[in-house]
A.B. asks: 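If you scroll down you'll find the structure; I have some questions about it.
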Amino acid sequence: RYTYSNSYGYVMPNITCSDLYQDYVSVSATSSSSISAGVTRAEITREGYEEFRKKVKFSLKQARTMGKNSFYVFREEDYNVFLRKEKIVGAFRNAIANGYQGIEVYYQPITDCMSEKIIGAEALMRFTMTSAAGEESISPVEFIPLLEETGLIIPAGRFVLNEAAKTCSEIGRRIPHFRMNVNVSC
């Protein structure tokens, strides 16, 4: 029923998810072993060996993150999301290594409702990613969770705090009691 392939394991034509469970997961219930499997369609081999290898590796990683006795069936949409995240993280690492190039701090004014005067500001991190396709502004909704997951929030946060403190000091000379708000991620 299964054909051995010396590259990655078994070639299983027309095998369903329930077949995998029946043949592997339920059989292992009497032992202490478990299986995580990444499943890709054979057509992906047409894209070339290197692309196939990347997608198989991605599928296995996805299965492992799902926990023991799990398998993941490759989906191009999931892979594209993964590639997008990797691209953003790589660009952010590069920005930090190059003096925070592409990372900016914008300031949202805070006004007193009674006097209608500016009494402070909120510091907001913004990121513009540069790639071969050009420059792209990345939404904080997209990049902040990635910074938190990778630990890059620490150097990025330090940069924002330093910039906000400098700006607060400068503006504080002109506007007495000026306050700066900075959201901190832990």
A.B. asks: Excluding sequence neighbours, so at least two apart, what forms side-chain hydrogen bond (donor to acceptor under 3.5 Å, both in side chains) with E77?
C.D. replies: none
A.B. asks: Listed by chain and number, what are the side-chain contact (heavy atoms from CB on, under 4.5 Å) partners of E136, not counting sequence neighbours?
C.D. replies: R84, M129, I138
A.B. asks: Using a 6.0 Å cut-off, check whether atom CD of E142 has over 12 heavy atoms from anything other than its own residue.
C.D. replies: yes
A.B. asks: Hey, does the side chain of N98 reach the backbone of Q101 with a donor-acceptor pair shorter than 3.5 angstrom?
C.D. replies: no
A.B. asks: Restricting to salt bridge (Lys or Arg N to Asp or Glu O under 4.0 Å), what partner residues turn up for E149, sequence neighbours left out?
C.D. replies: none
A.B. asks: Given the rule that I, L, V, M, F, W and Y join up when any side-chain heavy atoms are under 4.5 Å apart, are I110 and L124 in one cluster?
C.D. replies: no
A.B. asks: Please enumerate all residues that pass salt bridge (Lys or Arg N to Asp or Glu O under 4.0 Å) together with R93, with sequence neighbours excluded.
C.D. replies: none
A.B. asks: Where do D78 and Y72 come nearest, in terms of heavy atoms and distance?
C.D. replies: OD2-OH, 2.6 Å
A.B. asks: Name all residues meeting the side-chain contact (heavy atoms from CB on, under 4.5 Å) criterion together with T111; count only those two or more places apart in sequence or in a different chain, and write none if there are none.
C.D. replies: I118
A.B. asks: Tell me, please, which residues at least two apart from E50 pass side-chain hydrogen bond (donor to acceptor under 3.5 Å, both in side chains).
C.D. replies: R53
A.B. asks: Looking only at non-hydrogen atoms, find the nearest pair between S70 and A63 and report the distance.
C.D. replies: CB-O, 3.7 Å
A.B. asks: Any pair with a residue in residues 145-184 that passes ring-ring contact (aromatic ring centres under 6.0 Å, His included), sequence neighbours left out, goes on the list, sorted by first then second residue, please.
C.D. replies: Y100-F159
A.B. asks: Provide the full list of salt bridge (Lys or Arg N to Asp or Glu O under 4.0 Å) pairs with a residue in residues 114-129, sequence neighbours left out, each pair given once.
C.D. replies: none
A.B. asks: Would you please name every residue forming a ring pair (Phe, Tyr, Trp, His ring centres under 6.0 Å) with F82, sequence neighbours left out?
C.D. replies: F58
A.B. asks: I'd like to check the side-chain contact (heavy atoms from CB on, under 4.5 Å) partners of N162; sequence neighbours left out, ordered by chain and number.
C.D. replies: none
A.B. asks: Identify, with sequence neighbours excluded, every residue that meets side-chain contact (heavy atoms from CB on, under 4.5 Å) alongside L83.
C.D. replies: Y79, N80
A.B. asks: Anything under 3.5 Å between a donor and an acceptor, one on a side chain of residues 164-175, the other on a protein residue two or more places apart or in another chain? List them.
C.D. replies:
| unit_1 | atom_1 | unit_2 | atom_2 | d |
| --- | --- | --- | --- | --- |
| K166 | NZ | E163 | OE2 | 3.2 |
| T167 | OG1 | Y107 | OH | 2.9 |
| T167 | OG1 | E163 | O | 3.0 |

A.B. asks: Nearest 0.5 Å please: distance from the OG1 atom of T65 over to the CG atom of L60.
C.D. replies: 10.0 Å
A.B. asks: Considering non-hydrogen atoms only, spot the tightest contact between P140 and M125 and give its length.
C.D. replies: CG-O, 4.0 Å
